[in-house]
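Just so it is clear, the structure is predicted and the values come from calculations on it, not from any experiment.
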Amino acid sequence: MNELKPIRAAASSQASRSFAAMRHPGFRAQFTTFVLAMMADNIEHVISYWVVYQKFHSPALGGFAIVSHWLPFLLFSVASGALADRFDPRRVIQCGMALFIIASLSWSYFFVTDSLQMWQAMAILVIHGCAGVLWQTPNQMLLYDIVGPQDLESAVRLNAMARYLAVLVGPAVGGAILIALGPAHGIMLNTIFYLPLVLWLVNAPYGPRYRAGTPPPRRAVRGLNDIVQTVRDIKGHSTIVSMILLAGAASFFVGNAYSSQMPGFAADLHHGDPGLSYSALLASDAAGGLLAGLVLEGGGLLLPRPRTAIIIAVLWCAALTVFSLASTYWLALAFLFAAGFLELSFNAMAQSLVQLNAPLDKRGRIIGLFNMASLGLRAFSGVSVGLIGNFIGVHWSLALSAIAAMLVAAGLLVLP
């Protein structure tokens, strides 16, 4: 019961505050620069994936792009959190932004010289994946310093909403830049969008130096041993364990693998132009997440509780199951919109619960373990949805994957 006290305290203080995190000037700056950086991330995907596809026509390279994006989160999320625990998270984020810029400039060089080889493309994709893992976990740590525990749920939800906003806006902006400037100059221009976050973090008054009280002792970064030790550290924290298991099951079985299968869903639904149907399905999922952020923030709804997060995850699995087996386009569109709404809701709540309950001296490693589960395990969802879909069809592979994740979530409901 003591573990729930900080949750209830944070929840009660937030109940009457809509968009509470936006009342902090520091968070407004963080939110704006986060959106720009996330948009740049999506723009790079649009331009680089297009050129790589045109040059190599390699499905294997497309699969490598997905693995290289998520595998670093599986291997290095806890190490990234350990770095943010030991050093200044602002500087770790800036290192991540530097890797993003290096990746974009590398793409630009090879596009200008028309000398891109497959191994070079694979190396740049790995750099891009490592940049993401150096960004996400330290950024989540910084949210706690910016808004404090009382407004953390609001900050996490708004940051998740920013991610969906970037998914909606990024491809459109990337497509416009690609048409207007071409791939080489377009991806070079894209580096500018990373700079506001880099510059703001130079003197942003957050991080270990600005925390009140005695700082926790610095622990050495021990690589894979940190994962084992962090798992041992959370054994007595039932809320943290349940939320990591919930996020891990959703990521392992489903993740975002259905997004790469969306052209097949659009074609099978036989509704108008397949290209437009495909775009509308992707936009529906992102729009659902964006609306969730606006509605839940504006109404102060769904306070962070473990049981609530698990129930919403079960509903998300049910919505994806109906979408995968829908035979009419509008039914599929509606339930994909619902899935986007529910996914943001339970993911943001699970992350908030982990942060609120993590001990101060282990927060970075615990957040890293959560990211390892919620992001890193997405590398395996391509097997459960994509590879198995080759044998039984992608509709049934997604439905069975969603049901498997639902069973894990339902099992968590009966645990003490």
Would you say [X]'s side chain and [Y]'s backbone share a donor-acceptor pair under 3.5 angstrom?
X	Y	result
S251	A247	no
Q150	V147	yes
S80	V133	yes
Q120	Q117	yes
Q355	Q140	yes
S284	L333	yes
Q94	V198	yes
R90	A204	yes
T33	L197	no
T32	A29	no

For [X] versus [Y], what's the shortest heavy-atom pair and its separation?
X	Y	value
G364	M141	CA-SD, 3.3 Å
M372	I227	SD-CD1, 4.0 Å
V408	A249	CG1-CB, 3.5 Å
L116	F56	O-CZ, 3.7 Å
S242	L412	O-CD1, 3.6 Å
T230	V78	OG1-CG1, 3.9 Å

Check whether any side-chain heavy atom of [X] sits under 4.5 Å from a side-chain heavy atom of [Y], and report yes or no.
X	Y	value
L398	F323	yes
L189	H185	no
S154	R157	no
L105	Y109	no
M161	L344	yes
F111	K55	no
Y194	S104	yes
P359	I366	yes

Audit row: F335, W316, ring pair (Phe, Tyr, Trp, His ring centres under 6.0 Å) steps and yes/no: CA-CA 9 Å; F335 275 91; W316 172 68; over 10 Å; no
Parallel, tilted or perpendicular, judged at 30° and 60°: which one describes the rings of W135 and F100?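 The rings of W135 and F100 stand perpendicular, inter-plane angle above 60°.
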Could you label the plane-to-plane angle of the H69 and H45 rings as parallel, tilted or perpendicular, counting under 30° as parallel and over 60° as perpendicular? perpendicular
Which residue, I47, N190, L125, forms the side chain to side chain contact (heavy atoms under 4.5 Å, CB included) with W107?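 Result for side chain to side chain contact (heavy atoms under 4.5 Å, CB included) with W107: L125.
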Look up atom [atom1] in [X] and atom [atom2] in [Y], then write down how far apart they are to the nearest 0.5 Å.
X	Y	atom1	atom2	value
I127	M122	CD1	CE	13.0 Å
R305	S352	CZ	OG	13.5 Å
L142	F27	CG	CZ	11.0 Å
Q30	N139	CD	CG	5.0 Å
I367	N371	CD1	CG	7.5 Å
R163	L290	CZ	CG	13.0 Å

Is the Lys NZ or Arg CZ of R363 less than 6.0 Å from the centre of Y144's six-membered ring, within 45° of the axis?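 Yes.
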Check D233 with R365, please: is the shortest side-chain N to carboxylate O separation under 4.0 Å?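 Judged by the 4.0 Å cut-off on N to carboxylate O distance, R365 and D233 do not form a salt bridge.
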Evaluate the criterion side-chain contact (heavy atoms from CB on, under 4.5 Å) for residue pair F370 and L375; output intermediate values, then yes/no. CA-CA 8 Å; F370 176 84; L375 299 177; over 6 Å; no
Would you say the ring centroid of H395 lies under 6.0 angstrom from that of F265? yes
